[in-house]
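Any value given below was found using the heavy atoms of this structure, including those in side chains, with hydrogens, waters and symmetry copies removed.
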Amino acid sequence: MERKYQLLEDGAPDYSSSKKQFTTWAYSAIYNGWWQTIDENKKFVRLEDSPETPVAITTKETLREYKEAGFNTLLINYVAPLRTFEERFETSYTKKIMDWAAELGLKCIIFEGCTRGLAATPESLINPEKANGKTFFNSQEELNEFVACCVEKVIKHPAFYGFSVLDEPSYVYFPAFGQVYKAVQACAPGAYVCMNLLGLAGRFTSSVLKYCEGAEKMSFVDGYTKYINRYVDQTGAPYIQVDVYPFKGTREEPTMHANGIRTPQFLAEFCKQRGMELHYVLQASAFRVGFGEQVQPWLRKLNQKEMYWQTNVCMAFGVTSFSYWNYYPVVNTASEHYDPTSSFLDLAGNKNEMYYWMKDIHVEMQKTAKALLNFKYQSSCVACKEPFEGEKGYLEGLSQGKFIKLTGYAVDTKGAFLITELYDKENDRYSYFLVNVTDPTVEGSAKITLTFEGYERVQIYKNGEKTNMAIEGGKLTSELEVGQGIFVIPY
């Protein structure tokens, strides 16, 4: 087999010439000085700029700051949608932002009226009996022509990357989304079409009913399996994007989502079988939910350790696209109440701690990506040594996979580790990602020993820095703080 990358003198793999990088973007990165609240009649109103309501406005300079935080892709959201049937692209606010993005080297995912409207239809768009050339069509070819006409100018823009259509949809929207996806690919091959799917539920909510018919009578796993299989079969999209936020409650009373690790593991296994990419939305904002006196904590304000925990877990499972909820705090005091100090920015556009943490983490991630993105997820397990402090329920129900080159592992001190195996087919090489996934409310570190029989050296990436080192007897012992991870290539 001809190797794509060269080897160094000591036989170490050399991925330094790789151009691969993670796709990184955030929700609510576009803002225009207002947000929603609720008035005395329980109707949504817009709060304009006033001394009592500090606001921020998107400019070219704010986009430059966004890029400097480590983002290479920009979601142009509901603040600046392209109203395809009401305005010309050439004079739209969408184009103005795309022009700024192009100058800064950012790619753009946009809210566009035609694709979003068509995808939000709970029935097939191909229906000769209802065909009118705008909402229903005689054939896929006719739909292709209509979509191509609607998006002709935007897809030619140098910053264009794709469209965002639906968020956490029911299975009933998959046929229409699949038809829109095919129409977009016909006029813009390779364009990203984002539909953020539901994750694997940890408890019964109304979202479970969106999985499939009769989901309330099934286990969560069975219903969710039907959901994602139907998504792939009916849409043909080569990627899955989901959001499952692991850190719930408050800082004073923290809890973990039951499927904070199980969802990415489940989907990594699914994507391996289907030959797909896994994209993930990470938690970056704190908010409470509910109305009036019924408001309850939902997602807690995060610290740097928890951001490392999330990003390392996702890298371990082979995630290729990282997005975040949210960059700028969304405010909806009717049902979702955001902590403006918890996002990348506050309401006035000032940088919170999250901005600086993720700026550094993104640099480290992209250094690792040069090697890591040549590998595809293969298998995983969680290894623990009891008793250890913190919550443990989120470690239950995980599959315990087998490994090819990793012949043994033992947790030496109390804690929990995620171990994943990845494979570089072009170079016939295995690698392993190791993360201390102990509850991040726990302080301290844990130690683990990995055994690679027949290997004398390893290449290790930690926080983006690469080290080649000898191992005695094929054994590598590593001590990691909670949330920290390493990427290991034995050679």
Looking only at the side chains, is there a donor atom on one of Tyr308 and Glu364 sitting less than 3.5 Å from an acceptor on the other? yes
Nearest heavy atoms of Phe375 and Ser431, plus distance in Å: CD2-OG, 3.1 Å
Evaluate the ring planes of Phe322 and Phe22, with Trp represented by its six-membered ring, and classify them as parallel (under 30°), tilted (30 to 60°) or perpendicular (over 60°). perpendicular
Check the pair Tyr280, Val242 against side-chain contact (heavy atoms from CB on, under 4.5 Å), reporting the backbone distance first and the verdict last. CA-CA 5 Å; Tyr280 226 76; Val242 300; 3.3 Å; yes
Applying side-chain hydrogen bond (donor to acceptor under 3.5 Å, both in side chains) to Asp167 and Asn196, what does each step give before you reach the verdict? CA-CA 5 Å; Asp167 184 57; Asn196 185 52; 2.9 Å; yes
Inter-residue atom distance Met98.CE - Phe160.CZ, 0.5 Å rounding: 7.0 Å
Would you say Glu90 has more than 12 foreign heavy atoms packed within less than 6.0 Å of its CD? yes
With rounding to the nearest 0.5 Å, note down the distance linking CD in Glu112 to CD1 in Ile155. 10.0 Å
Asp243 side chain to Tyr245 side chain, donor-acceptor N/O pair below 3.5 angstrom: yes
Could you check whether Ser124 and Gln179, counting side-chain N and O atoms only, form a donor-acceptor pair closer than 3.5 Å? yes
Under a 3.5 Å distance rule, please check whether Thr73 uses its side chain to pair with a backbone N or O of Thr23 as donor and acceptor. no
How are the rings of Tyr31 and Tyr327 set to each other: parallel, tilted or perpendicular (split at 30° and 60°)? parallel
Heavy atoms of other groups near Lys182 NZ, more than 12 under 6.0 Å: yes
Ion pair present between Arg251 and Glu306, side-chain N to carboxylate O less than 4.0 angstrom? yes
Carefully, step by step, assess Phe174 and Tyr227 under the rule ring pair (Phe, Tyr, Trp, His ring centres under 6.0 Å). CA-CA 10 Å; Phe174 291 164; Tyr227 180 72; 5.2 Å; yes
Ile240 to Tyr231 - nearest heavy-atom pair and separation: CG1-CE2, 3.8 Å
Glu465/Lys367 salt bridge by N-O under 4.0 Å criterion: yes
Presence of salt bridge, Glu213 and Arg230, under 4.0 angstrom: yes
side-chain contact (heavy atoms from CB on, under 4.5 Å) between Leu118 and Phe137: does it pass, once the steps are laid out? CA-CA 11 Å; Leu118 290 172; Phe137 304 85; 4.0 Å; yes
Exercise: identify the closest heavy-atom pair between Ala191 and Tyr239: O-OH, 4.0 Å
Side-chain donor or acceptor of Lys370 paired with backbone N/O of Ser16 under 3.5 Å: yes
Within the supplied structure, the quantity of interest is the number of heavy atoms (other residues, nucleotides, ligands) at a distance under 6.0 Å from Lys351 NZ; does it exceed 12? yes
Out of curiosity, Leu345 CG to Asn352 CG, how far, rounded to the nearest 0.5 Å? 7.0 Å
Does any N or O in the side chain of Gln310 come within less than 3.5 Å of the main-chain N or O of Gln283, such that one atom is a donor and the other an acceptor? yes
CD1 of Ile361 to OH of Tyr356: how many Å apart, nearest 0.5 Å? 15.0 Å
Could you tell me how the ring of Tyr324 sits relative to the ring of His362: parallel (under 30°), tilted (30 to 60°) or perpendicular (over 60°)? perpendicular
How are the rings of Phe247 and Trp309 set to each other: parallel, tilted or perpendicular (split at 30° and 60°)? perpendicular
Minimum heavy-atom separation for Pro238 and Tyr181, please, with both atom names. CD-OH, 2.9 Å
Interatomic spacing from CG in Asn72 to CD in Gln21 - rounded to 0.5 Å: 5.0 Å
Any side-chain to backbone donor/acceptor pair from Arg300 onto Thr255? Under 3.5 Å, distance only. yes
Electrostatic pair Glu61:Arg64 at N-O distance under 4.0 angstrom: yes
Nearest 0.5 Å please: distance from the NZ atom of Lys134 over to the CG atom of Leu125. 15.5 Å
Report, as yes or no, whether the 6.0 Å neighbourhood of atom NZ on Lys272 holds more than 12 heavy atoms from other residues, nucleotides or ligands. yes
Donor-acceptor pair, distance only, cut-off 3.5 Å: does the side chain of Asn229 make one with the backbone of Thr225? yes
Does CD belonging to Glu87 count more than 12 external heavy atoms closer than 6.0 Å? yes
Identified side-chain contact (heavy atoms from CB on, under 4.5 Å) counterpart of Tyr66 within the set Tyr355, Tyr328, Trp25: Trp25
Donor-acceptor pair, side chain of Lys305 and main chain of Pro440, under 3.5 angstrom: yes
Phe487 and Tyr461 aromatic ring geometry - parallel, tilted or perpendicular at 30°/60° bounds: tilted
Is atom NZ of Lys466 surrounded by more than 12 heavy atoms (other residues, nucleotides or ligands) closer than 6.0 Å? yes
In sequence, state the C-alpha distance, the side-chain angles, and the governing distance for Asp233 and Arg274, and then conclude on salt bridge (charged side-chain N to carboxylate O under 4.0 Å, His left out). CA-CA 10 Å; Asp233 294 339; Arg274 289 286 195 139; 3.1 Å; yes
Ala26 and Leu75 have their tightest heavy-atom pair at O-CB, 3.9 Å
Between Asn259 and Leu200 (side chain of the first, backbone of the second, donor and acceptor by atom type, cut-off under 3.5 Å), is there such a pair? yes
With no hydrogens and no angle check, just 3.5 Å: does a side-chain donor-acceptor pair link Tyr192 and Gln241? yes
Ser164 side-chain N/O to Ile109 backbone N/O, donor-acceptor pair under 3.5 Å: no
Please give me the minimum heavy-atom distance between Arg288 and Val295, naming the atom from each residue. NH1-CG1, 3.3 Å
Before you tell me yes or no, could you show the steps for His337 and Val289 under side-chain contact (heavy atoms from CB on, under 4.5 Å), namely the whole-Å CA-CA distance, both residues' side-chain angles and the distance that decides it to 0.1 Å? CA-CA 6 Å; His337 315 269; Val289 296; 5.8 Å; no
Evaluate ring pair (Phe, Tyr, Trp, His ring centres under 6.0 Å) for Phe270 paired with Tyr224, printing each intermediate quantity in order. CA-CA 11 Å; Phe270 181 87; Tyr224 192 62; 8.7 Å; no
Quick one: do Phe163 and Ile110 satisfy side-chain contact (heavy atoms from CB on, under 4.5 Å)? Show the steps, please. CA-CA 5 Å; Phe163 302 105; Ile110 69 169; 3.7 Å; yes
